[in-house]
Colleague: 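Got a structure here, written out as structure tokens. Questions coming.
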Amino acid sequence: MLGVLGGGLIDPTTPLLRADDLGVLRGDAVFETIRLHEGRLDALDAHLGRLVRSAAALGLPDPDLTAWRALVDEVVAGWGERGEAMLRLVLTRGVEGGPPTAFALIAPVPGSTLAARRDGVRVVTLSRGVSSTAHDDSPWLLGGAKTTSYAVNMAAQRYAQALGSDDVIFVSTDGLVLEAPTATVVWAIGETLHTPPTTVGILDGTTVHTLFDHAGAHGFATAVTTTTVAGLHAADAVWLVSSVRGAVAVTAIDGTERGDGGLTARVQSAAGLKAVK
């Protein structure tokens, strides 16, 4: 199901993007992906807030949140009771000299996502090619902005899959764990959940905020700390956390098998997901 800002619902087969849209030609666009389940969107306010911040980082016009909320409501109502879904909000620069292109697209959660929740993922660690402080004086690196320029991230995932793994954890040139191509990294040491600080140039994960906000009710303390790959190997459990997948257990790092300490069901629950069986 597809909706256009200011235009309402349209046939999803209707052509929408021009071939010369800068979102297509240059990846000059921002987006958000939000989980819809039981008629409810997870952390909509947080996602819209991040959309605004990402747009500002790219110098895009400030999103009209009233209009976006109206479009979201229309698309969600049109989806109805079709089951769990993912809603994408996309804002591109549009064509040179023209207005931005803005739309919302909703689709079922893929089976591969459900399988990852249930079975976990195997990851490899790869260098991102920048230091953990590179974004401090290089705002053009767009650290923390959620843009559609995902070619490098997708190439990293394909590289991992060629090695027999499922996903990637990026590491800075100075050895610090950063994030995954489409997720935040969380690890447990005992009953404390850890995640890296956004100051290392990573995306501010909305689902990590949900997880940490509810962690105490599930018996966890929380901490924002840096770690290394060796630190992940020594952890009691490691997860990739994202809006649609939720908290996915990492079952192997660089070929070394690992467990989750029996913690995944509690972490998924704290993140707003029921463990998949």
Colleague: Quick one: closest heavy-atom pair of Gly94 and Thr101, and the distance?
Modeller: CA-OG1, 3.7 Å
Colleague: Which atom names give the shortest non-hydrogen contact between Ala249 and Asp260, and what distance separates them?
Modeller: CB-CB, 4.4 Å
Colleague: Within a strict 4.5 Å, meaning less than it, do heavy atoms of the Thr113 and Pro110 side chains meet?
Modeller: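 In contact.
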Colleague: Nearest 0.5 angstrom please: Leu178 CG to Leu203 CG, how far?
Modeller: 12.5 Å
Colleague: Would Leu105 and Leu87 count as a side-chain contact (heavy atoms from CB on, under 4.5 Å) if you check the C-alpha gap in whole Å, the side-chain angles of each, and the deciding distance to 0.1 Å?
Modeller: CA-CA 6 Å; Leu105 177 67; Leu87 173 67; over 6 Å; no
Colleague: Which pair of heavy atoms, one from Ser242 and one from Thr182, lies closest together, and at what distance?
Modeller: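 Result for this residue pair: CB-O, 3.3 Å.
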Colleague: Can you measure from CG (Leu65) to CG (Leu51) and round to the nearest 0.5 angstrom?
Modeller: 7.5 Å
Colleague: Are any side-chain N or O atoms of Ser269 and backbone N or O atoms of Ala265, one a donor and one an acceptor, separated by less than 3.5 Å?
Modeller: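 No.
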Colleague: Is it the case that the side chain of Thr198 and the backbone of Ile202 share a donor-acceptor pair, with hydrogens and angles ignored and the cut-off at 3.5 Å?
Modeller: no
Colleague: Please round to the nearest 0.5 Å and tell me the distance separating atom CZ of Arg158 and atom CG of Asn153.
Modeller: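 Interatomic distance, Arg158 CZ to Asn153 CG, rounded to 0.5 Å: 10.5 Å.
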Colleague: Looking only at non-hydrogen atoms, find the nearest pair between Val229 and Val177 and report the distance.
Modeller: N-CG2, 3.9 Å
Colleague: Check whether any side-chain N or O of Thr133 sits under 3.5 Å from a backbone N or O of Asp136 as a donor-acceptor pair, and report yes or no.
Modeller: no
Colleague: Would you check if Val123 and Leu240 make a side-chain contact, meaning some heavy-atom pair closer than 4.5 Å?
Modeller: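 Result yes, sub-4.5 Å side-chain heavy-atom pair found.
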Colleague: State whether the number of non-hydrogen atoms from other residues, nucleotides or ligands found under 6.0 Å of Arg258 atom CZ is greater than 12.
Modeller: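 Counting other residues, nucleotides and ligands, CZ of Arg258 exceeds 12 neighbours.
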Colleague: Identify the two heavy atoms, one from Val267 and one from Leu211, that lie closest to each other, and give their separation to 0.1 Å.
Modeller: O-CD1, 3.6 Å
Colleague: Ion pair present between Asp64 and Arg69, side-chain N to carboxylate O less than 4.0 angstrom?
Modeller: no
Colleague: Is Tyr150 reachable from Leu58 through a run of I, L, V, M, F, W or Y residues, each pair having side-chain heavy atoms under 4.5 Å apart?
Modeller: no
Colleague: If you count heavy atoms of other groups shown closer than 6.0 angstrom to NE2 of His218, is the number above 12?
Modeller: yes
Colleague: Among His47, Glu32, Lys146, Arg35, which one satisfies side-chain hydrogen bond (donor to acceptor under 3.5 Å, both in side chains) with Thr206?
Modeller: His47
Colleague: Passes side-chain contact (heavy atoms from CB on, under 4.5 Å), Val241 versus Val248? Steps please.
Modeller: CA-CA 6 Å; Val241 177; Val248 172; over 6 Å; no
Colleague: Examine distances only and state if a side-chain atom of Thr173 and a backbone atom of Ser131 form a donor-acceptor pair shorter than 3.5 Å.
Modeller: yes
Colleague: Between Asp20 (side chain only) and Val95 (backbone N and O only), is there a donor and an acceptor less than 3.5 Å apart?
Modeller: no
Colleague: Between atom CZ of Arg122 and atom OG1 of Thr256, what is the distance when rounded to the nearest 0.5 Å?
Modeller: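 Interatomic distance, Arg122 CZ to Thr256 OG1, rounded to 0.5 Å: 9.5 Å.
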Colleague: Same hydrophobic cluster for Val224 and Ile169, using side-chain heavy-atom links shorter than 4.5 Å among ILVMFWY?
Modeller: no
Colleague: How long is the span from the OG1 atom in Thr148 to the CZ atom in Arg93, to the nearest 0.5 Å?
Modeller: 10.5 Å
Colleague: Flag the pair Pro63 / Leu91 as yes when at least one side-chain heavy-atom distance between them is below 4.5 Å, and no otherwise.
Modeller: yes
Colleague: Should Asp42 and Thr210 count as side-chain neighbours, where that means a heavy-atom distance under 4.5 Å?
Modeller: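 No. Closest side-chain heavy atoms not under 4.5 Å.
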Colleague: Going only through I, L, V, M, F, W and Y residues with side-chain contacts under 4.5 Å, is there a path from Val75 to Met86?
Modeller: no
Colleague: Decide, yes or no, whether a salt bridge links Glu84 with Arg117 under the criterion of side-chain N to carboxylate O below 4.0 Å.
Modeller: yes
Colleague: Keeping the roles fixed (side chain from Ser138, backbone from Trp140), state whether a donor-acceptor pair exists under 3.5 Å.
Modeller: no
Colleague: Verify the cluster assignment for Val208 and Leu176: are they in a single hydrophobic cluster under the rule of side-chain heavy atoms below 4.5 Å apart?
Modeller: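 Looking at the clustering, Leu176 is in a separate group from Val208.
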Colleague: Under a 4.5 Å side-chain heavy-atom rule over Ile, Leu, Val, Met, Phe, Trp and Tyr, are Leu89 and Leu5 clustered together?
Modeller: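 Yes, it is one cluster - the side chains of Leu89 and Leu5 are joined through contacts under 4.5 Å.
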Colleague: Return the minimal non-hydrogen interatomic distance between Gly78 and Leu9, and the atom names on each side.
Modeller: CA-CD1, 4.5 Å
Colleague: Do Leu263 and Phe220 have side chains that get closer than 4.5 Å, going by heavy atoms?
Modeller: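 Yes - at least one pair of side-chain heavy atoms lies under 4.5 Å apart.
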Colleague: Decide if the gap between the ring center of Phe31 and the ring center of Phe103 is smaller than 6.0 angstrom.
Modeller: no
Colleague: Are Asp167 and Arg245 side-chain neighbours, meaning at least one heavy-atom pair lies under 4.5 Å?
Modeller: yes
Colleague: To the closest 0.5 Å, what do you measure between CZ (Arg50) and CG (Asp204)?
Modeller: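 One gets 7.0 Å once the value is rounded to the nearest 0.5 Å.
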Colleague: May I have the step-by-step check of side-chain contact (heavy atoms from CB on, under 4.5 Å) for Thr225 and Trp187, ending in yes or no?
Modeller: CA-CA 10 Å; Thr225 54; Trp187 64 98; 3.6 Å; yes
Colleague: Taking the side chain as everything from C-beta on, heavy atoms only, tell me whether Thr226 gets closer than 4.5 Å to Pro196.
Modeller: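 Not in contact.
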Colleague: Here's a test for you: under side chain to side chain contact (heavy atoms under 4.5 Å, CB included), which of Thr92, Val52, Leu60 qualifies with Val30?
Modeller: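 That would be Leu60.
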Colleague: Measure from the side-chain N and O atoms of Thr14 to the backbone N and O of Asp11, and report whether any donor-acceptor pair falls under 3.5 Å.
Modeller: yes
Colleague: Under the rule for side-chain hydrogen bond (donor to acceptor under 3.5 Å, both in side chains), what residues qualify as partners of Tyr159, not counting sequence neighbours?
Modeller: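 With sequence neighbours excluded, Tyr159 shows a side-chain hydrogen bond (donor to acceptor under 3.5 Å, both in side chains) to no residue whatsoever.
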Colleague: Determine whether Phe212 and Leu193 make a side-chain contact, defined as any pair of heavy atoms from C-beta on separated by less than 4.5 Å.
Modeller: yes
Colleague: Does the side-chain contact (heavy atoms from CB on, under 4.5 Å) test come out yes or no for Leu232 and Thr227, once each step is laid out?
Modeller: CA-CA 7 Å; Leu232 292 184; Thr227 195; 4.0 Å; yes
